[in-house]
Amino acid sequence: MQNSVSPSQLTGRPVISATGLFTPEESITNEELVESFNTYVDRFNAANCDAIAAGDVEVLEHSSVGFIEKASGIKARHVISKAPILDPDIMTPRWEERGNDEKSMMAEIGVIAARQALERAGRDASDIDAVLCAASNMERAYPAMAIEIQQALGIDGFGFDMNVACSSATFGIQTAADYIRAGNAKSVLVVSPEITSGHLNWRDRDSHFIFGDVATAVLVEDAAAAPAKHWDILGTKLKTVFSNNIRNNFGFLNRAAPENAGNADKLFVQEGRKVFKEVVPMVAQMIIDEADRLGLDPKTLRRMWLHQANAGMNRLIAQRVLGHEANDDESPTVLDTYGNTSSAGSIIAFHKHCDDLAAGDTGLICSFGAGYSAGTVFVRKVG
Ligand code: COA
């Protein structure tokens with residue numbers, strides 16, 4: 001469908017026209033993950049038994065399926081490269097480095113999600129003005145993945161990459177919404193290819209179970225250009241507060257091979273307990289304040305599509321916002337099958353659990369994570 005809206009018809013009101021999702025075929029269950037991890041632990045301890053006995057090397061402890069499910073709510077995660085992750089001698093994803101004439105991995109899966117969003121909106125790629133590739137790690141410094149996605153889709157406009165860790169997608173949505181509000185674009189794709197398996201330390205007992213791979217896309221448009229069924233964006237709010245509690249030091253000034261011993265800080269590291277304690281009150285208050293600014297009673301929110309990092313965090317945030325313990329219908333989770341997919345998590349939850357809402361229902365897409373960073377997008381169903 002051509003979205004032939006003349007500039008004079010534009011409203012400056014941003015809406016979500018559609019979303020798209022790419023899910024890798026392969027998935028790792030907690031049982032598979034823990035079996036591989038514990039094999040690695042046993043081999044490590046056996047190989048280092050003298051040094052461990054002498055007190056020079058710390059003994060490694062087993063991981064457990066029971067702990068992972070209870071502490072996080074995660075039961076499985078999709079990944080792009082399963083076998084090497086589960087091989088106790090490798091424990092990291094492996095893929096062939098791609099040449100300059102091949103599509104990058106992030107662009108490849110981002111394009112699949114983007115095409116689905118365009119199809120669901122009945123939109124032609126040639127009508128899109130801009131592509132934002134919003135994700136927590138970029139495959140290369142430049143050219144931007146967003147520009148590669150733009151070219152693959154045949155979009156005449158502009159694109160750029162942005163990284164705000166787990167809040168990349170909501171920061172991308174506000175950026176896209178601001179282009180619409182300012183009249184600088186009528187249709188913007190926010191694409192979040194999250195290949196998180198590449199920055200997870202699969203040998204770290206505290207975090208080896210956290211992440212999974214995925215790609216999402218959100219089509220943000222001017223209301224005049226949107227299909228009859230869409231989601232009005234009632235308001236967006238972003239917040240950042242510096243914290244070292246979630247960190248990844250990998251970068252072009254600092255790029256020793258991450259899987260080498262002693263370079264664990266070149267992968268994801270966190271103080272999970274501190275994150276939990278500090279982020280829950282910050283995000284709950286942010287949601288309540290933003291609802292107030294928009295003249296909404298947070299207790300009347302029909303659904304919250306929260307960042308998918310930890311089921312316990314979501315339970316507490318939803319409880320503070322809604323004033324009662326949220327059920328799955330009010331605060332759906334995708335953690336059980338996807339794990340933490342960084343910025344894509346709340347978008348997957350929205351994508352999979354928004355069709356049943358009625359016109360006029362109000363909901364909230366919310367992210368939080370490293371930075372710290374947090375973003376809220378209040379939406380209302382139309383059509
Ligand atoms: N298997 C078995 N036991 C484990 C384990 C594993 N894989 N990992 C840790 N444990 C043990 C610890 O050794 C500790 O034992 P102790 O009590 O004897 O010392 C116990 O379990 C509790 O560990 P802790 O790290 O305090 O767990 P937790 O309850 O805080 O849960 C997280 C860990 C990471 C799931 C949780 O803190 C969390 O989700 N935090 C927020 C994460 C987040 O949102 N991050 C943002 C990323 S984008």
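Keep in mind that this is a model prediction, so the values were computed, not measured. Note that ligands are numbered from 1 as they come in the structure, with each ligand's atoms numbered from 1 the same way.
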- Query: Is His62 in polar range of ligand 1, meaning some N or O pair under 3.5 Å apart?
  - Reply: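 Looking only at distances, the answer is no, because the N/O contact criterion of under 3.5 Å is not met.
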- Message: I want to know if ligand 1 touches Gly272 in the polar sense, i.e. an N/O pair below 3.5 angstrom.
- Response: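 It does: an N or O of Gly272 is found under 3.5 Å from an N or O of ligand 1.
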In the complex you have, is [atom] within reach of the protein, judged by whether a heavy-atom distance drops under 4.0 Å?
atom: atom 21 (O) of ligand 1; result: yes
atom: atom 1 (N) of ligand 1; result: yes
atom: atom 16 (P) of ligand 1; result: no
atom: atom 27 (O) of ligand 1; result: yes
atom: atom 35 (C) of ligand 1; result: yes

Looking at [X] and [Y], does any basic side-chain N land under 4.0 Å from a carboxylate oxygen?
X: Lys186; Y: Asp129; answer: yes
X: Glu61; Y: Arg205; answer: yes
X: Glu139; Y: Arg98; answer: no

[X], [atom1]: over 12 other non-hydrogen atoms inside 6.0 angstrom:
X: Lys381; atom1: NZ; result: yes
X: Asp156; atom1: CG; result: no
X: Lys75; atom1: NZ; result: no
X: Glu119; atom1: CD; result: no
X: Gln151; atom1: CD; result: no

For [atom], which protein heavy atom lies nearest, and how many Å away is it?
atom: atom 6 (C) of ligand 1; answer: Phe67 CD2, 3.2 Å
atom: atom 30 (O) of ligand 1; answer: Arg273 NE, 2.7 Å
atom: atom 3 (N) of ligand 1; answer: Arg205 NH2, 3.1 Å

- Close aromatic pair by centroid cut-off 6.0 Å: Phe37 and Trp202: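 No, ring centres 6.0 Å or more apart.
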- Message: For the aromatic rings, using the six-membered ring if either is Trp, is the centroid distance between Tyr142 and Phe160 under 6.0 Å?
- Response: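 No.
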For ligand 1, note which part of [X] has a heavy atom under 4.0 Å away: side chain, backbone, both or neither.
X: Gln270; value: side chain
X: Ser63; value: both
X: Asn340; value: side chain
X: Ala71; value: both

Does [X] come within less than 4.0 Å of ligand 1, judged by its heavy atoms?
X: Gly369; result: no
X: Ala370; result: no
X: Ser64; result: yes

Numbering the atoms of ligand 1 from 1, which are under 4.0 Å from a heavy atom of [X]?
X: Cys166; answer: 48 (S)
X: Asn310; answer: 35 (C), 36 (C), 38 (C), 39 (O)
X: Ile246; answer: 46 (C)
X: Met313; answer: 41 (C), 44 (O)
X: Asp206; answer: 8 (N), 9 (C)

- Message: Which label fits Tyr338 and His78: parallel for a plane angle under 30°, tilted from 30 to 60°, or perpendicular past 60°?
- Response: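 Tilted: the ring planes of Tyr338 and His78 meet at 30° to 60°.
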- Query: What's the shortest heavy-atom distance between Asp329 and Arg302, and which atoms?
  - Reply: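 Looking at all heavy atoms of both residues, the closest pair is OD2-NH1, 2.9 Å.
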- Item | Minimal non-hydrogen separation, Ser136 against His199, with atom names |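 In this case the closest contact between Ser136 and His199 is OG-NE2, 3.8 Å.
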